[in-house]
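The figures that follow rest on heavy atoms only: side chains count, while hydrogens, waters and symmetry mates do not.
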Amino acid sequence: MYLTTILGNLLIIVLILLDTHLHTPMYLFLSKKLSFSDLCFSSVTIPELLQNIQSQDPSIPYAGCLTKIHFFLFFGGLGNFILVAMAYDRYVAICFSLHYTIIMSPKLCLSLVVLSWVVTMFYSLLHILLIPRLSFCADNVIPHSFCEVSALLKLACSDTHVNELVLFIIAGTVVFIPFLLILVSHVCIVSSILKVSSARGIHKAFSTCGSHLSVVSLFYGTVIDLYLCPSAKKSTVKDTVMALMYMVVTPMLNLFIYSLRNRDIKGALGRVLCKKKIPFSV
């Protein structure tokens with residue numbers, strides 16, 4: 001699954017760079033960023049997890065653990081905001097198709113990407129700056145499959161209320177609000193299509209929106225349960241399984257739902273392959 005995610009997202013990035021038909025706001029500023037964030041998000045933890053399984057030596061330095069937490073939160077949050085931007089792009093393309101090029105200008109797309117980078121950088125650094133104030137006891141075994149914030153807080157023998165409060169508030173803002181925005185955009189899209197489309201178009205729209213919402217619900221459902229529900233009511237095994245769902249499964253599903261099922265991506269792949277096959281004539 002990890003290799004599928006890595007190779008597939010690299011393929012998407014290369015296709016967008018090579019095919020001029022995909023040099024549009026949607027693909028150049030959004031799809032490429034989603035592929036990049038999914039690729040990095042999986043690479044932060046999965047290679048080390050696989051190495052630990054193979055070597056049976058799951059140890060990591062304290063500084064290395066904080067570094068992984070930072071990049072895990074950063075790339076996870078980045079992919080989160082890119083999904084919102086893509087949902088907004090689809091909303092404008094369908095509901096305001098005549099004004100699409102005016103609304104989704106390169107300047108706006110670049111601003112959305114920069115804003116997502118700034119917000120997620122602040123979000124991840126805030127947690128990293130709060131963790132060193134904690135004291136850790138003799139038990140240094142993290143009850144998780146990787147260095148994760150809530151799992152690390154369970155090891156602290158000092159007061160963690162400030163960290164937990166910040167985790168709840170920031171995670172609620174960074175996760176719940178984007179989730180609502182994605183839902184609202186899809187509701188508006190479906191409502192707009194129902195007014196004008198044929199039965200075939202309605203079926204296609206529901207199929208597309210349904211697949212998008214299924215992946216979004218899987219990602220946000222696990223994240224909300226992990227970070228916004230009381231930690232005392234959750235088991236370590238459940239936390240680990242749910243973390244693996246949004247850490248491994250969701251990036252792979254994003255690859256198929258948002259990219260490989262896309263007609264433009266398939267067309268770009270065909271054009272690139274045809275260019276490689278056509279011999280030069282004298």
When hydrophobic residues are tied together by side-chain contacts of less than 4.5 Å, even through go-betweens, does Leu129 share a cluster with Val166? no
Examine Ile128 and Phe136 and state if one hydrophobic cluster contains both, with Ile, Leu, Val, Met, Phe, Trp and Tyr joined whenever side-chain heavy atoms are less than 4.5 Å apart. yes
Check step by step if ring pair (Phe, Tyr, Trp, His ring centres under 6.0 Å) holds for Tyr220 and Phe176. CA-CA 8 Å; Tyr220 285 103; Phe176 195 67; 9.3 Å; no
Side chains of Tyr62 and Ile131, heavy atoms from C-beta outward: is any pair under 4.5 Å? yes
Do Leu66 and Leu152 pass the side chain to side chain contact (heavy atoms under 4.5 Å, CB included) test, and can you show the C-alpha distance, the side-chain angles, and the key distance before you say yes or no? CA-CA 10 Å; Leu66 293 184; Leu152 192 62; 4.3 Å; yes
Tell me, do Phe81 and Val174 make a side-chain contact under 4.5 Å, heavy atoms counted? yes
Going from CD1 on Ile69 to OG1 on Thr45, what distance comes out if it is rounded to the nearest 0.5 angstrom? 11.5 Å
With rounding to the nearest 0.5 angstrom, report the SG to CD distance, Cys65 to Glu148. 10.0 Å
State whether the number of non-hydrogen atoms from other residues, nucleotides or ligands found under 6.0 Å of Phe122 atom CZ is greater than 12. no
Is the distance between the ring centroids of Tyr123 and Phe74 under 6.0 Å? no
Is a side-chain N or O of Thr5 found less than 3.5 angstrom from the main chain of Met1, in a donor-acceptor match? yes
Tell me whether Asn52 contacts the main-chain N or O of Glu48 through its side chain, where contact means a donor paired with an acceptor under 3.5 Å. yes
Is there a path of hydrophobic side-chain contacts, each under 4.5 Å between heavy atoms of I, L, V, M, F, W or Y residues, that connects Ile13 with Ile6? yes
Let me confirm one number: the CG-CD1 distance from Asp38 to Ile12, rounded to the nearest 0.5 Å. 11.0 Å
Point-to-point distance, once rounded to the nearest 0.5 Å, from CG of Leu11 to CD1 of Ile16: 9.5 Å
For Tyr88 and Ile103, what are the C-alpha separation, side-chain angles and deciding distance, and is it a side chain to side chain contact (heavy atoms under 4.5 Å, CB included)? CA-CA 11 Å; Tyr88 178 70; Ile103 298 175; 3.7 Å; yes
Following the transitive rule for hydrophobic clusters with a side-chain heavy-atom cut-off under 4.5 Å over Ile, Leu, Val, Met, Phe, Trp and Tyr, establish whether Met86 and Val184 coincide in one cluster. no
Between Phe36 and Trp117, what is the ring plane arrangement, given parallel below 30°, perpendicular above 60°, and tilted in between? parallel
From CA spacing to verdict: side chain to side chain contact (heavy atoms under 4.5 Å, CB included), Ser43, Tyr2: CA-CA 8 Å; Ser43 298; Tyr2 174 65; 3.0 Å; yes
In one Ile/Leu/Val/Met/Phe/Trp/Tyr side-chain cluster, 4.5 Å: Leu10, Ile46: yes
Has Asp89 got a side-chain atom pairing as donor or acceptor with Ala85's backbone, closer than 3.5 angstrom? no
Can a donor-acceptor pair be found, under 3.5 Å and without considering hydrogens, that links the side chain of Ser116 to the backbone of Val113? yes
Apply side chain to side chain contact (heavy atoms under 4.5 Å, CB included) to the pair Thr120 and Phe75, showing each step before the final yes or no. CA-CA 8 Å; Thr120 51; Phe75 288 115; over 6 Å; no
Can you confirm whether Leu153 sits close enough to Leu134 that some side-chain heavy atom of one is under 4.5 Å from a side-chain heavy atom of the other? yes
Once you round to the nearest 0.5 Å, how far does CD1 of Ile94 lie from SG of Cys188? 11.0 Å
Separation of Ile189 CD1 from Arg90 CZ (nearest 0.5 Å): 8.0 Å
